[in-house]
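Notes follow once the structure below has been shown.
Because only heavy atoms are used, hydrogens play no part in the values below, and waters and symmetry mates are left out as well, while side chains stay in. Counting begins at 1 with the first residue of the sequence.
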Amino acid sequence: AEVLELGLPRLSFGGRVCVFGHHLQPLAALQGAWRAGNFVDVRLTQLFTREFQALPLRTHPFMVADANLCEGFILCGSKVGE
């Protein structure tokens, strides 16, 4: 949060910022604030990876989800003039 408070005022118009987080709620709140403020093209994307088993003539995901390599959310937006 401190990084955004310090960095966003210094972001040039037309500059793009992306934020990664493991939890949806804080990024969803930030998404609403950005849309109400001076950001456009604000997108919240969920990341999800799954390991696949590839065998001859068949491929399927592993059914055990022990090792989630990358899970979380990315919030991106472009700053515009006030």
Subject >> Atom pair CD (Gln31) and CZ (Arg43), whose distance is rounded to the nearest 0.5 Å >> reply: 11.5 Å

Original post:
How would you list, by chain and number, every residue that makes a side-chain contact (heavy atoms from CB on, under 4.5 Å) with Thr59, sequence neighbours excluded?
Top reply: Phe52, Ala54

**OP:** Check Glu71 against His22 and note the closest heavy-atom contact, atom names and distance.
**Re:** O-ND1, 3.3 Å

**OP:** Write down the atom of Leu27, the atom of Leu75, and the distance for their closest heavy-atom approach.
**Re:** O-CD2, 3.7 Å

Subject >> Test side-chain contact (heavy atoms from CB on, under 4.5 Å) applied to Leu8 - qualifying residues, sequence neighbours left out >> reply: Leu4, Leu11, Val17, Trp34, Phe39

Original post:
How far apart are the closest heavy atoms of Ser78 and Arg16, and which atoms are they?
Top reply: OG-NH1, 2.8 Å

Original post:
Same hydrophobic cluster for Phe20 and Leu24, using side-chain heavy-atom links shorter than 4.5 Å among ILVMFWY?
Top reply: no

Original post:
Out of curiosity, Asp41 CG to Arg35 CZ, how far, rounded to the nearest 0.5 Å?
Top reply: 9.5 Å

